[in-house]
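Okay, structure first, notes after.
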Amino acid sequence: MAAVEDVIIVGSGPAGYTAALYTARANLSPLVVEGWQWGGLLQQTTEVENFPGFRDGIQGPELMQTMRDQAERFGTRFITDLATKVELADQAGGVHKVWVGDTEHQARTVILAMGAEHKKIGAPGEEELSGRGVSYCATCDAAFFADKETVIVGGGDSAMEEAIFLAKFASKVTIINRRDEFRASKIMLDRARETGNIEWLTPFTVESFEAGENGALETARLLNAQTGEEVVLPTSGAFIAIGHEPQSQLVAGAVELDDEGYVVTEGRSTRTALPGVFAAGDLVDHTYRQAITAAALGCQAALDAEWYLRDTPPLPA
Ligand code: NAP
């Protein structure tokens with residue numbers, strides 16, 4: 001069995017890599033279990049224009065590579081594989097266990113930063129046309145749809161925000177919501193209603209996305225849940241904004257999760273109820289979900305872990 005680590009970080013978005021940077025600079029030599037597709041959701045984006053410090057923007061994958069390199073420079077070690085199981089100690093000074101396949105790793109602290117995934121509708125064509133018309137991020141991809149007809153699926157604040165942004169580029173944005181009522185706040189709904197090239201289709205669900213001869217999205221087939229009416233809507237871009245799913249499956253039953261599966265932390269800290277277990281990034285954040293806020297939470301988790309290690313003697317082996 002290898003030596004007990006000071007810190008294991010599970011996850012590799014801005015939260016995980018920032019936690020790695022800070023704990024590495026504190027000489028804690030963190031071990032990051034970063035997954036196969038390391039870098040989190042930003043790996044799937046193109047231009048990132050709202051991360052401070054990059055006046056002309058930066059590509060999402062380049063930003064994540066830079067964060068990873070920066071953490072490595074100070075002694076972070078990486079396992080480019082998925083954590084398959086965790087066993088978290090409930091006693092201060094106890095040892096936490098993280099498995100990668102059959103290999104067990106032990107640590108005095110664990111920082112959970114597995115992030116969130118965009119929720120999928122599960123409609124035929126959605127996965128196949130992802131990147132060829134179907135997208136989960138208007139903020140990232142809207143510019144590709146200049147003067148094109150597009151749709152947004154969803155009725156929450158994200159859908160409104162994405163629609164308003166997309167409407168600056170697209171000739172038309174149709175918001176498709178599965179109910180006549182919207183979950184979005186009044187202010188966001190009003191803003192969308194005041195936007196000239198936004199139209200509305202309710203209560204409709206997407207039955208399928210279909211490609212044209214060039215292999216790119218051409219139509220969305222819709223169904224009115226109340227009347228059974230079918231609509232075939234020509235569209236070049238379909239943006240799915242129906243919420244996010246925190247990737248907390250690995251720790252379900254071990255740490256407290258809220259109704260939506262987000263890890264619960266204490267007050268403004270990143271502490272979970274288990275001593276030495278911290279959580280950061282989109283795994284805990286319902287609301288802001290920005291690269292910069294995830295990075296900030298990663299920094300907080302690193303400091304919380306550092307202070308815990310300073311103040312908590314290990315249990316005798
Ligand atoms: P949300 O509030 O949970 O809304 C999700 C929307 O997607 C709802 O309209 C929901 O319909 C619909 N939906 C869910 N699953 C669906 C499915 N399988 N098929 C079709 N539609 C589906 O999520 P969100 O909009 O991402 O917002 C999350 C949080 O971030 C909220 O607290 C929000 O206020 C906040 N936020 C705020 C801002 C802002 O203020 N600027 C911007 C973005 C997000 P139902 O209503 O029928 O369930």
Side-chain angles (χ1 to χ4, degrees), residues 13 15 40-42 44-45 48-50 115-127 129-130 134-142 150-168 173-195 198-209 217 220-231 233 235 237-248 257-265 281-294 296-297:
L41 285 178
L42 277 182
Q44 299 166 28
T45 66
V48 178
E49 291 182 326
N50 57 6
E117 285 287 341
H118 298 291
K119 257 195 208 162
K120 313 275 189 304
I121 302 174
E126 180 180 7
E127 200 179 328
L129 293 171
S130 176
V134 174
S135 167
Y136 297 85
C137 180
T139 327
C140 320
D141 296 337
T150 57
V151 301
I152 294 268
V153 183
D157 281 338
S158 293
M160 298 308 125
E161 194 171 71
E162 299 261 283
I164 294 162
F165 186 78
L166 183 58
K168 293 180 184 153
V173 179
T174 303
I175 295 179
I176 300 163
N177 189 33
R178 66 181 174 184
R179 296 187 292 138
D180 286 327
E181 297 75 35
F182 285 85
R183 195 178 285 269
S185 56
K186 183 174 179 311
I187 185 166
M188 295 297 287
L189 263 176
D190 286 349
R191 275 188 206 154
R193 285 184 175 128
E194 285 158 13
T195 305
I198 292 183
E199 296 184 6
W200 308 77
L201 260 184
T202 68
F204 276 93
T205 53
V206 177
E207 292 301 289
S208 63
F209 293 109
L217 176 67
R221 192 173 289 275
L222 313 175
L223 179 70
N224 184 315
Q226 286 169 8
T227 63
E229 178 196 359
E230 273 196 1
V231 170
L233 193 68
T235 186
F239 290 83
I240 320 294
I242 60 171
H244 287 77
E245 256 166 345
Q247 297 299 292
S248 54
L257 306 181
D258 70 13
D259 292 346
E260 292 169 62
Y262 289 84
V263 172
V264 175
T265 49
D282 286 3
L283 189 67
V284 302
D285 178 9
H286 289 238
T287 312
Y288 301 105
R289 290 195 314 258
Q290 301 298 302
I292 188 69
T293 51
L297 283 164

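We number each residue from 1, following the sequence as shown. Keep in mind that the numbers below use all heavy atoms, side chains included, and drop hydrogens, waters and symmetry copies. None of these values were measured; they are calculated from a predicted model. Indexing begins at 1, ligand by ligand and atom by atom, following the structure's order.
The minimum heavy-atom distance linking Arg289 with Tyr262 is given by the pair NH1-OH, 4.4 Å. The minimum heavy-atom distance between Ala192 and Met160, with the atom names listed, is CB-SD, 3.8 Å. Taking each heavy atom of Leu129 and Leu217 in turn, the nearest pair found is CD1-CD1, 3.9 Å.
Scanning all protein heavy atoms for the shortest distance to atom 9 (O) of ligand 1 gives Gly155 N, 3.0 Å. Atom 13 (N) of ligand 1 has its closest protein heavy atom at Ile242 CB, 3.6 Å. With hydrogens left out, the protein atom closest to atom 28 (C) of ligand 1 is Arg289 NH1, 3.8 Å, a heavy atom. Scanning the protein for heavy atoms near atom 41 (N) of ligand 1, the closest one is Glu161 OE2, 3.0 Å. Scanning the protein heavy atoms around atom 48 (O) of ligand 1, the nearest turns out to be Arg183 NH2, 2.7 Å. The protein heavy atom nearest to atom 23 (O) of ligand 1 is Gly243 CA, 3.9 Å. Of all protein heavy atoms, the one closest to atom 44 (C) of ligand 1 is Ser158 OG, 3.5 Å. Nearest to atom 33 (C) of ligand 1 among the protein's heavy atoms is Asp157 OD2, 3.5 Å.
Using a 4.0 Å threshold on non-hydrogen atoms, atom 31 (C) of ligand 1 does not count as touching the protein. When distances from atom 4 (O) of ligand 1 to the protein are checked, a heavy atom turns up under 4.0 Å.
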Start with the C-alpha distance between Phe209 and Ile240, add both sets of side-chain angles, then the distance that settles side chain to side chain contact (heavy atoms under 4.5 Å, CB included), and finish with yes or no. CA-CA 12 Å; Phe209 293 109; Ile240 320 294; 3.8 Å; yes

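Between Met188 and ligand 1, not a single N/O pair is under 3.5 Å apart. For Lys119, no nitrogen or oxygen atom sits less than 3.5 Å from a nitrogen or oxygen atom of ligand 1, counting backbone and side chain alike. When only interatomic distances are considered, the shortest N/O to N/O separation between Arg178 and ligand 1 falls below 3.5 Å. In terms of N/O distances under 3.5 Å, ligand 1 is not approached by His244.
When each atom of ligand 1 is checked for a heavy atom of Asn177 under 4.0 Å away, the hits are 9 (O). Close contacts between ligand 1 and His286 involve ligand atoms 29 (C), 30 (O) [criterion: under 4.0 Å to a heavy atom]. Interface atoms of ligand 1 facing Arg179, defined by a heavy-atom separation under 4.0 Å, are 45 (P), 46 (O), 47 (O).
In this model, no donor atom of one side chain and acceptor atom of the other lie less than 3.5 Å apart for Thr202 and Asn177. Side chains of Glu126 and Tyr136: a donor-acceptor N/O pair is present below 3.5 angstrom, by distance only.
At most 12 heavy atoms of other shown residues, nucleotides or ligands fall within 6.0 angstrom of atom CD in Glu127.
No donor-acceptor pair under 3.5 Å is formed between the side chain of Asp282 and the backbone N or O of Ala294. A donor-acceptor distance shorter than 3.5 angstrom exists from the side chain of Ser248 to the backbone of Gly261, with no hydrogens or angles considered.
Taking the six-membered ring where tryptophan is involved, the planes of Phe182 and Trp200 are perpendicular, since the angle between them exceeds 60° and thus also 30°.
Between the CD1 atom in Ile292 and the CG atom in Asn50 there is a gap of 9.0 Å [rounded to 0.5 Å].
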